[in-house]
Amino acid sequence: MSESSKTADPQSLSPREENFLVAERRAKLARLRRRGEAFPNDFRRNARAGELQNQYADRERWDGAALEALHRKVRVAGRIRAKRTMGRVAFLPLEDESGRIQLFLRADRTPDYEELLELVDVGDLVGAEGSLTRTRSGELSVVVERLRILVKALRPLPDKWLGLSDIEQRYRQRYLDLIVHPEVREVFRLRSRLVAAMRRWLDARGFIEVETPMMHPIPGGAAARPFITHHNALGIDLYLRIAPELYLKRLVVGGFERIYEINRCFRNEGVSTRHNPEFTMLELYEAYADFEDIMALTEAMIRELAEELLGTTSLVWEGKKIDLGPEFRRVRLEELVAKHHPELPRNRLRDEETLRRYASAHGIVLPEQGGWGKLLLELFEKTIEPALIQPTFVTHYPAEVSPLARANDEDREVTDRFELFINGREIANGFSELNDPEDQAERFRAQAQAKAAGDAEAMPYDADYIRALEYGLPPTGGLGVGIDRLTMFFADRSSIRDVLLFPALRPEAD
RNA sequence: GGGUCGUUAGCUCAGUCGGUAGAGCAGCGGACUUUUAAUCCGUAGGUCGCAGGUUCGAUUCCUGCACGACCCA
């Protein structure tokens with residue numbers, strides 16, 4: 001912790017929201033300390049709740065007598081989720097990561113019965129040792145012969161039935177959200193399995209995972225505003241990466257033919273249900289492949305991941321059935337615009353005046369700067385993108401808005417590029433990489449001009465990247481996939497915050 | 001950046017046409033030897049987001065601010 005850190009302020013060290021409930025629990029903790037039983041770490045469990053529930057799920061076979069005849073001593077540990085005392089007996093459901101099992105305390109079997117019940121609260125972490133039985137109502141239970149409070153919870157849990165519904169508190173105190181809502185834990189398990197499966201999928205196809213810098217002297221690889229930080233020893237500003245693209249392609253120059261990186265990118269932009277300032281992206285590059293190959297790869301990967309993780313290619317997202325089974329639709333950007341806007345003649349789309357007149361006649365606000373490519377893209381994003389529900393590859397984006405993509409051989413004003421949309425959201429972006437250093441230098445100069453003219457998202461000229469291309473980047477196809485959005489899709493969530501453990505929020509006021 | 005809505009007990013929520021507030025759960029005390037949101041009796045718990053204004057009096061009305069949600073840019 002650095003001296004200049006804000007936590008040096010004694011005010012910020014004071015605990016939040018002390019109240020009589022906390023005081024009550026602190027007093028119990030004090031009693032535990034006097035007994036020499038506070039925060040032990042020598043309890044070792046030999047069973048987990050969910051495994052016991054599975055093992056003895058058959059109630060006919062495993063009735064109370066059969067369970068007791070086992071004479072099996074189990075040691076389980078976890079959080080107490082309720083407390084039902086009935087005088088000489090008490091029931092304490094205990095939850096660990098695998099599930100729940102009920103602790104059955106009996107005054108005649110559990111030493112220190114009275115005092116333990118006084119000391120233990122809902123929310124405490126306990127270790128219990130005992131034998132298995134089934135209660136009259138059929139609940140698999142541990143008859144507790146020894147109970148130890150491993151951690152005294154000083155704060156009460158939210159309402160046992162209604163849980164935690166304050167969305168702000170759920171994001172700020174995700175740990176509480178996770179304790180109270182098992183289904184939230186499931187979302188993040190799915191996310192973990194998705195990323196792991198994606199790595200396996202790519203590894204199996206000969207891709208290797210690499211790690212490139214997160215701090216860039218020159219921000220590049222995407223159209224976005226970067227975060228700026230400072231390196232004291234070097235005395236320079238650095239930019240948190242907005243994309244790993246330019247480093248990954250340098251590695252393809254160096255001879256790695258199939259590489260990928262799954263990690264965080266940072267963009268200094270607004271927060272919304274689909275944007276977080278830090279987010280996770282897969283980027284991959286395959287030498288001697290083009291955007292058609294990459295589209296096929298993207299489609300196969302998403303389809304097969306759904307099959308593996310969800311057991312189906314028929315998903316539901318926000319109530320809409322999304323079918324990953326059939327071949328994804330492929331359509332050129334300009335065709336799509338012409339189809340949705342019949343009054344716009346197909347052969348006049350590359351005309352700024354036509355686009356502007358049409359937009360203002362229809363109340364569509366377009367940016368003041370930019371050529372036909374930028375205007376057309378804006379028109380698409382505003383009027384068509386939200387309607388692309390089934391998986392759709394939109395292809396051949398204007399070169400003007402694709403400064404790192406290879407120009408199409410028949411039509412130099414567009415690029416061999418695609419974006420994949422599902423349920424109105426951009427999921428992936430890929431293209432044949434621009435490997436002509438002179439063309440790339442020209443595009444960088446155009447970007448630098450746009451930047452000078454006030455476009456904060458335009459890319460700066462990266463001379464070393466041009467130098468790398470001058471040694472020869474193989475013909476290459478590349479891909480970026482938004483992991484957060486893909487998780488939203490697989491987990492059927494509407495907000496990116498629901499797939500981020502700690503979404504960006506303004507700091508809590510003290 | 002703009003609009004709408006929200007912020008009341010630890011949690012989930014009522015409520016006050018302006019007279020400083022209630023419930024359920026959680027808590028505390030008691031009863032209870034098979035509960036499943038246990039039940040029953042009793043009890044305690046609040047800077048009504050923050051700051052101003054209007055008013056004899058503001059949690060309530062007005063303004064500003066903070067944080068959040070949704071929509072728009």
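The chains referred to below are lettered A, B, ... by the order of the sequence lines, with proteins before strands, and numbering in each begins at 1.
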**Request:** Establish whether the base of B:U33 is bridged to the side chain of A:Arg88 by a donor-acceptor pair shorter than 3.5 Å.
**Result:** no
- How is A:Glu24 classified with respect to the nucleic acid when contacts are heavy atoms under 4.0 Å: base, sugar-phosphate, or nothing? sugar-phosphate
Check your understanding: When all nucleic acid strands are considered with a 4.0 Å heavy-atom cut-off, which category describes A:Gly163: base, sugar-phosphate, or nothing?
Key -> sugar-phosphate
- Query: Should the pair A:Phe328 and A:Phe393 be assigned to parallel (<30°), tilted (30 to 60°) or perpendicular (>60°) ring geometry?
  - Reply: tilted
Query raised in the report: Touch check for A:Thr273, heavy atoms < 4.0 angstrom, all strands: base, sugar-phosphate only, or nothing?
Result: sugar-phosphate
### Side chains of A:Trp372 and A:Glu413, donor plus acceptor under 3.5 Å
yes
- prompt: Is a side-chain donor-acceptor pair under 3.5 Å present for A:Ser494 with A:Glu318?
  reply: yes
Out of B:A73, B:U35, B:G27, minimum distance to the side chain of A:Val365 belongs to B:A73
| query | Below 3.5 Å, does any donor atom in the side chain of A:Glu168 face an acceptor in the base of B:U7, or the other way round? | reply | no
Which of B:C67, B:G10, B:C70 is nearest the side chain of A:Pro156? It is B:G10
Worksheet item: Heavy atoms under 4.0 Å, any strand shown: does A:Arg106 hit a base, just sugar-phosphate, or nothing?
Response: base
The reported gap from CH2 in A:Trp317 to CG in A:Asn423 (rounded to nearest 0.5 angstrom) is 5.5 Å
Against the side chain of A:Arg172, the closest entry in B:C11, B:A26, B:C67 is B:C67
| said: Once you apply a heavy-atom cut-off of 4.0 Å, does A:Leu164 come out as touching a base, just sugar-phosphate, or nothing? | reply: sugar-phosphate
Item to complete: Answer yes if the ring centres of A:Phe431 and A:Phe418 are under 6.0 angstrom apart, and no otherwise.
Response: no
Review point. Would you say the side chain of A:Ser165 and the base of B:U12 hold a donor-acceptor pair, judged only by whether the two atoms sit under 3.5 Å apart?
Key: no
Regarding B:G10, can its base be found pairing with the side chain of A:Asp159 as donor and acceptor, where the two atoms are less than 3.5 Å apart?
no
Using a 4.0 Å heavy-atom cut-off, does A:Arg84 contact any base of the nucleic acid, only the sugar-phosphate backbone, or nothing at all?
base
- [ ] Using a heavy-atom cut-off of under 4.0 Å over every strand shown, decide if A:Leu505 touches base, sugar-phosphate, or nothing.
- [x] sugar-phosphate
> A:Lys28 near the nucleic acid: base, sugar-phosphate alone, or nothing, with a heavy-atom cut-off under 4.0 Å?
Replying inline: sugar-phosphate
Of the listed B:A26, B:U34, B:A38, the closest approach to the A:Thr135 side chain comes from B:U34
Worksheet item: Can you tell me how far C1' in B:G68 sits from the matching atom in B:U35, rounded to whole Å?
Response: 39 Å
Of the candidates B:G68, B:U35, B:U34, the side chain of A:Ser141 sits closest to B:U35
Out of B:G10, B:G68, B:U35, minimum distance to the side chain of A:Leu21 belongs to B:G10
